[in-house]
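Worksheet: the structure to be examined is printed underneath.
Reminder, nothing fancy here: chain letters follow the sequence lines and each chain counts from 1. Both backbone and side-chain heavy atoms feed into the values below; hydrogens, waters and symmetry mates do not.
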There are 2 protein chains.
Amino acid sequence: MLTLKQDHSELVVLSVLALGPSYGYAISKDIAARSDGHFKLSPSGMYPLLTKLEKNGLVTTSWEEVKAAGADPDSTGRRRKWYTLSPKGHKQLARRIELHRQTQSILDSFVAQSPVRA
Amino acid sequence: MLTLKQDHSELVVLSVLALGPSYGYAISKDIAARSDGHFKLSPSGMYPLLTKLEKNGLVTTSWEEVKAAGADPDSTGRRRKWYTLSPKGHKQLARRIELHRQTQSILDSFVAQSPVRA
DNA sequence: ATCAGATATATCGAACCTTGATATATCCGG
DNA sequence: CCGGATATATCAAGGTTCGATATATCTGAT
């Protein structure tokens, strides 16, 4: 189980949001599910990252009050913060993907030349 | 020009040392050359990393006194610290490569599903 | 009704990493 | 003789990581 570092976190979160708006908890479940449980982004990694994306204008946000079926109409209910990829966010994702591919290709050339013995 | 982060630095440095012993300055030049100038590992990234590899037993080290052709025989000369990948280092490299491939493959699956628009 | 576990967001501090600047010293070519 | 390359290394400021902690709500099972 791999805990994602910031660069990979950002790439993955942006790519998840490229499929449609979501919120922190759902994104983290999504990442775990779509990576077959291999990738993990914990709350303490997720929320600061989402805040940073918002501050940088890569996402826009809105709050949703999630009320239970038979809940007290006066209760606050559970709050859910939705994140939507902005045009700037889409551009940033494209840039990140390009950079990722470039990095991978060079990294692979180093790895390919390594005479690996177990 | 990409400055390597620790994880990538370690993978790249180990893979360079897998081809044969080297020393800090040469490794950094090697990385720049073999990446066509795209990867950079600065002295302040390199030396702490090499120290860590040594402390963890992944490399063994030895000093070489590099004397100039017509140098004063009593001068200290320039010091060069050679790093040789240990058996433990070879195993670690194999592990790192495997992890790298796994990570790439999952990361690629996220990226592949991203509807990229410039 | 109660309670455990899931849903949901968020911060904190200690440890660790990153990076440009600084330091020291030697070697080589012009 | 001097600037640039060779060679190693540390420092401090800022950024990152990660488990722990906090708060509050919802759901399903007993």
### Query
Less than 4.5 Å apart, any side-chain heavy atom of A:Leu53 and any of A:Val13?
yes
### Task
Name the nucleic acid region contacted by B:Trp82, choosing base, sugar-phosphate or nothing; use a 4.0 angstrom heavy-atom cut-off, strictly under.
nothing
### Query
Could you give the distance from CD (A:Gln92) to OG (A:Ser86), rounded to the nearest 0.5 Å?
9.5 Å
### Summary
From CZ of B:Arg80 across to P of D:dA7 the rounded distance in Å is 4 Å
### Query
Touch check for A:Thr3, heavy atoms < 4.0 angstrom, all strands: base, sugar-phosphate only, or nothing?
sugar-phosphate
### Task
May I have the distance from A:Tyr25 (atom OH) to C:dG5 (atom P), rounded to whole angstrom?
14 Å
### Query
Hey, are A:Lys81 and A:Glu54 close enough for a salt bridge, meaning a charged N less than 4.0 Å from a carboxylate O?
yes
### Summary
The correct set of residues in residues 29-50 of chain A placing a heavy atom under 4.0 Å from DNA chain C is A:Lys29, A:Pro43, A:Ser44, A:Tyr47
### Message
When you group the ILVMFWY residues by side-chain heavy-atom contacts below 4.5 Å and let the links chain together, are B:Leu4 and B:Leu19 in the same group?
### Response
no
### Task
Measure up the B:His100 and B:His8 rings against each other and bin them: parallel (under 30°), tilted (30 to 60°), perpendicular (over 60°).
perpendicular
### Separation of atom CD in A:Glu65 from atom P in C:dT9, rounded to whole Å
12 Å
### Query
With a 4.0 Å cut-off, would you call B:Glu65 and B:Arg80 a salt bridge?
no
### Query
Roughly how far, to the nearest 0.5 Å, is CG of A:Leu2 from CD1 of B:Ile106?
6.5 Å
### B:Tyr23 OH to C:dT26 P, straight-line distance once rounded to whole Å
17 Å
## Note on the structure
B:Met1 CE to C:dG20 C1', in whole Å, measures 12 Å
### Query
Please give, in whole Å, the distance from D:dT8 P to B:Trp63 CH2?
7 Å
### B:Arg78 (side chain) and D:dT6 (base): donor-acceptor pair under 3.5 Å
yes
#### Entry: Length of the NZ-C1' vector between B:Lys55 and C:dC16, whole Å
11 Å
### Task
For the residue pair B:Tyr23 and B:Trp82, categorise the inter-ring angle as parallel (less than 30°), tilted (30 to 60°) or perpendicular (more than 60°).
perpendicular
### Query
Does A:Arg79 come within less than 4.0 Å of A:Glu64, counting only side-chain N to carboxylate O?
no
#### Entry: Contact list for DNA chain C against residues 4-14 of chain A - heavy-atom distance below 4.0 Å
none
### Euclidean distance, atom CD1 of residue A:Ile27 to atom P of C:dT7 [Å, nearest integer]
15 Å
